[in-house]
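Note sheet for the following structure.
Counting from 1, the numbers follow the sequence of the chain as shown.
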Amino acid sequence: MNEIHESNITMPAKVKRGSNVQDLLLPTANIGRIMKVALPPNAKISKEAKETMQDCASEFICFITGEASVKCRMENRQTLCGDDVCHAMKSLGLDEYAIATERYLQKYREHYKKPEALKNTTPNQIDVRDQLSVYSRSNQQR
């Protein structure tokens, strides 16, 4: 597989050589806010830690998406869906995350099946944090 390696991130060869890998990363401000949830209120996070986590999160997304893409290709489909992501997590041994993602996906689908949800022009936020064990553990410690 052709891959471009920049900043320790494995990006698919589809990324144009002239494009900036930074454009494909999650913003460090968002990464920092997510990280703060799992830390004590007075904890600080270095720029290096945020950037390291940024690389890890981007690599994780590429890793899961690549595995989900394999399933789509095997089934001659071009559109990757939430079930493909859950299947990829399970096949990669990330069962806890797959279970949490399946619960989130179920809530998401139930919400958008409701007629009033379809009329609403502003999307409602469905909080996935209560599905993930890392959030429930960090909130219990506070």
Side-chain angles (χ1 to χ4, degrees), residues 1-114 116-118 120-142:
M1 174 161 61
N2 270 341
E3 295 174 336
I4 298 171
H5 297 281
E6 290 182 46
S7 170
N8 296 332
I9 295 186
T10 307
M11 293 291 174
K14 281 186 179 179
V15 176
K16 295 178 185 170
R17 293 228 178 250
S19 70
N20 186 355
V21 173
Q22 286 298 113
D23 294 341
L24 302 175
L25 299 175
L26 297 168
T28 54
N30 294 359
I31 297 289
R33 280 193 290 274
I34 293 168
M35 291 173 74
K36 279 225 175 245
V37 172
L39 296 172
N42 59 345
K44 295 184 182 191
I45 305 168
S46 72
K47 180 179 178 183
E48 178 188 40
K50 289 178 192 175
E51 288 175 355
T52 301
M53 189 60 73
Q54 181 185 44
D55 286 350
C56 291
S58 297
E59 184 67 34
F60 181 77
I61 291 168
C62 287
F63 184 57
I64 299 294
T65 303
E67 186 68 23
S69 177
V70 169
K71 182 176 187 281
C72 289
R73 281 194 305 267
M74 288 175 57
E75 296 176 1
N76 293 320
R77 292 185 293 115
Q78 293 182 345
T79 304
L80 190 135
C81 66
D83 293 321
D84 298 323
V85 172
C86 294
H87 180 270
M89 287 179 175
K90 285 180 187 173
S91 69
L92 294 167
L94 301 169
D95 296 334
E96 282 189 47
Y97 290 102
I99 292 167
T101 304
E102 285 171 341
R103 283 188 293 217
Y104 168 81
L105 194 54
Q106 181 181 359
K107 286 183 178 185
Y108 175 86
R109 288 175 176 158
E110 287 171 3
H111 173 78
Y112 283 101
K113 276 185 182 177
K114 296 177 184 175
E116 62 271 8
L118 297 174
N120 192 354
T121 57
T122 57
N124 287 337
Q125 184 176 1
I126 302 171
D127 197 352
V128 72
R129 291 178 291 189
D130 61 343
Q131 303 301 321
L132 296 173
S133 58
V134 67
Y135 285 105
S136 60
R137 274 184 270 165
S138 65
N139 288 336
Q140 290 170 355
Q141 293 172 352
R142 291 184 181 186

Starting from the C-alpha separation in whole Å, work towards a yes-or-no answer on side-chain contact (heavy atoms from CB on, under 4.5 Å) for Arg33 and Val37.
CA-CA 7 Å; Arg33 280 193 290 274; Val37 172; over 6 Å; no
Given side-chain hydrogen bond (donor to acceptor under 3.5 Å, both in side chains), test Gln106 with Glu102 step by step and report yes or no.
CA-CA 6 Å; Gln106 181 181 359; Glu102 285 171 341; over 6 Å; no
Before you tell me yes or no, could you show the steps for Thr101 and Met89 under side-chain contact (heavy atoms from CB on, under 4.5 Å), namely the whole-Å CA-CA distance, both residues' side-chain angles and the distance that decides it to 0.1 Å?
CA-CA 9 Å; Thr101 304; Met89 287 179 175; 3.6 Å; yes
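Within a 6.0 Å sphere centred on CE of Met53, other residues, nucleotides and ligands contribute 12 heavy atoms or fewer. Other residues, nucleotides and ligands contribute over 12 non-hydrogen atoms within 6.0 Å of the CD atom of Glu75.
Taking both residues in full, the closest heavy atoms of Ala88 and Ala68 are given as CB-N, 3.6 Å, listed atom of the first, atom of the second, then distance. Across Ala98 and Cys86, no two heavy atoms sit closer than the pair CB-O, 3.7 Å.
At a threshold of 4.5 Å between non-hydrogen side-chain atoms, the residues Lys71 and Arg77 count as touching. With a 4.5 Å cut-off on side-chain heavy atoms, Asp84 and Thr65 do not count as touching. Side-chain contact between Ile64 and Leu94: present, with at least one pair of heavy atoms (C-beta onward) separated by less than 4.5 Å. Looking only at side-chain heavy atoms (C-beta outward), Thr79 and Cys72 stay at 4.5 Å or farther from each other.
Residue Tyr104 holds its OH atom at 11.0 Å from CZ of Arg109, rounded to the nearest 0.5 Å. With values rounded to the nearest 0.5 angstrom, Ile61 atom CD1 is found 9.5 Å from Leu25 atom CG.
Proximity of a side-chain donor or acceptor of Ser58 to a complementary backbone N or O of Asp55 within less than 3.5 Å is not detected. Of the possible donor and acceptor atoms, one in the side chain of Lys36 sits under 3.5 Å from a partner among the backbone N and O of Ala43.
For residues 38-53, there are no side-chain hydrogen bond (donor to acceptor under 3.5 Å, both in side chains) pairs, not counting sequence neighbours.
Here Glu67 does not pair with Lys90 in a salt bridge; the nearest charged N to carboxylate O distance is not below 4.0 Å.
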